[in-house]
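All remarks here apply to the structure that follows.
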Amino acid sequence: MSERALVEERVEQLLRDCPPTTTSPRELWGAQFDLGLAWIQFPEGKGGLGLDPGMQDVVDERLLEVGAPSNLLVNMMGVGMAGPTLVAFGTPEQQSQFLRPTFTCDIVWCQMFSEPGAGSDVAALATRAERDGDEWVVNGQKVWTSMAHVAQWGLLLARTDPDQPKHKGLSYFYVDMHQPGVEVRPLRQMTGEAEFNEIFFTDVRIPDSQRLGAVGDGWNVAIATLMNERTMLGRVGKLTGQEGGVIRHALRLWSQLPPDERDVARRDELMRLWIDSEIVRLTMVRAEQSRSQGTPGPEGSIGRLLVSEHQRDVFEFVVNLLGADGMLISDYEMRRPDVIGETALGPDDKVDLQKGFLTTRGSTIGGGTTEISRNILGERVLGLPKEPVTDRDVPWSKLDRA
Ligand SMILES: Cc1cc2nc3c(=O)[nH]c(=O)nc-3n(C[C@H](O)[C@H](O)[C@H](O)COP(=O)(O)OP(=O)(O)OC[C@H]3O[C@@H](n4cnc5c(N)ncnc54)[C@H](O)[C@@H]3O)c2cc1C
């Protein structure tokens with residue numbers, strides 16, 4: 001039986017056993033994991049079937065077609081980053097503890113990399129983890145941590161050796177977000193909502209068994225997480241198929257406009273956006289097919305870059321179509337959402353066009369800015385000369401970090 005036939009058979013079995021209309025999302029996701037349809041490239045028994053990652057499209061597209069709920073917006077950091085990082089670097093015990101509950105969203109994750117002085121240059125981070133017997137004691141601050149207020153566990157990159165150059169003195173841990181010394185404070189965004197947070201660590205004790213990868217090798221683990229993040233951010237946009245992405249908001253609004261407002265200049269712009277949406281979709285299909293099996297490479301940055309800029313452009317067009325109403329936000333109430341990006345990317349009844357416009361500005365920054373994505377694509381996909389670097393071999397403690 002071909003790989004595709006096997007996957008199609010399993011998806012139909014899933015839909016027979018757990019019809020999405022009568023099954024709770026968690027039960028459906030659990031059954032999806034058990035059938036190896038969660039992360040199709042993972043080994044059998046770990047939510048996958050050991051197949052080409054491109055086969056995940058077959059699953060996602062069929063589930064989308066029948067209106068099954070997606071867990072990506074509920075647990076973006078868990079499904080998109082923690083799961084793949086645990087499969088690459090975790091022990092079998094860690095994998096059996098976390099993989100299934102992560103996919104069912106019983107365990108939600110956040111990712112704690114960025115700091116006030118270290119965003120694009122995340123390897124410059126200052127949060128310190130000092131060894132104390134079988135434990136590490138963590139002090140420092142993280143920022144822009146999406147969904148930390150609902151996360152039970154967090155992925156943490158911290159400095160374990162300040163005398164090594166910045167990329168070499170890092171180690172990678174996972175942390176219980178409810179343990180003493182971890183403080184999560186909301187950061188309010190221009191929509192009024194606080195989807196992300198600041199995290200303060202004060203003498204937080206982490207067992208050494210919660211380290212992923214070797215001491216000092218945290219950068220390599222983090223790169224694996226970030227590559228998966230970019231692929232996942234692209235996947236969120238792609239899940240939707242032709243005319244199913246954010247372009248549908250523009251098309252719907254256009255069809256409701258009085259004929260005298262459908263002028264040729266706007267029609268031209270809409271056509272350009274429609275073509276862009278197809279280019280984004282097809283480029284991502286191609287990037288995924290050319291991706292090496294298993295571990296995603298820099299191609300993930302293609303999808304992440306195109307999707308985020310396209311979303312921003314479509315919402316800008318939509319808000320322009322709304323005219324004066326486009327300037328009015330429905331409310332500025334402080335909320336701490338339990339689903340990420342719902343006002344911009346969620347189901348149609350949850351999407352708020354004006355807030356979507358404001359939210360998608362951030363999509364071009366989160367997960368690496370568009371400038372950084374272009375640098376990665378230039379250097380690692382197109383083979384252009386590298387950006388000059390002067391601090392790669394200097395001990396982190398000697399860097400001028402003013
Ligand atoms: C919606 C959202 C969600 C986020 N979620 C998380 C999260 O869950 N966890 C987490 O750890 N972080 C998260 N972040 C943080 C995000 O990863 C950082 O904001 C991002 O990496 C940029 O870092 P910075 O904000 O420090 O900007 P800076 O790095 O200070 O960049 C400022 C400007 O300089 C440009 N720039 C910097 N370096 C270069 C260069 N070498 N070449 C060209 N241009 C450059 C940037 O593109 C940008 O325009 C999130 C951010 C957003 C907006």
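Computed from a predicted model, the values in this text were never measured in an experiment. Just so you know, ligand 1 is whichever comes first in the structure, and atom 1 is the first atom listed for that ligand.
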Closest by any non-hydrogen atom to [atom]: pick that one out of [options].
atom                    : options                        : answer
atom 40 (C) of ligand 1 : Asn375, Ile199, Leu125         : Asn375
atom 52 (C) of ligand 1 : Gly368, Cys110, Gly366         : Gly366
atom 8 (O) of ligand 1  : Ser146, Gly341, Ala148, Ser373 : Ser146

Presence of salt bridge, Arg62 and Glu65, under 4.0 angstrom | yes
Six-ring centre of Tyr172, Arg211 cation under 6.0 angstrom, axis tolerance 45° |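 Cation-pi check for Arg211 and Tyr172: fails.
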For residues Tyr174 and Gln94, determine if any side-chain heavy atom of one lies less than 4.5 Å from a side-chain heavy atom of the other.
-> yes
Under a 4.5 Å cut-off applied to non-hydrogen side-chain atoms, are Leu73 and Glu342 in contact?
->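 Side chain of Leu73 against side chain of Glu342, heavy atoms only: no contact under 4.5 Å found.
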May I ask you to identify, for Thr369, whether its side chain, its backbone, both or neither come under 4.0 Å of ligand 1 on a heavy-atom basis?
->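 Side chain only.
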Taking non-hydrogen atoms only, is Met147 closer than 4.0 angstrom to ligand 1 via side chain, backbone, both or neither?
->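 Within the 4.0 Å criterion, Met147 makes no contact with ligand 1.
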Would Glu198 and Gln141 count as having a side-chain donor-acceptor pair, cut-off 3.5 Å?
->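 Yes, Gln141 and Glu198 have a side-chain donor paired with an acceptor closer than 3.5 Å.
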Is there a protein heavy atom less than 4.0 Å away from atom 49 (O) of ligand 1?
->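 Within 4.0 Å: yes, protein heavy atom nearby.
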Protein heavy atom under 4.0 Å of atom 35 (C) of ligand 1 =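 Not a single protein heavy atom is under 4.0 Å away.
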Scan Asp391, Asp161, Asp393 and name whichever one has a salt bridge (charged side-chain N to carboxylate O under 4.0 Å, His left out) with Lys166.
-> Asp391
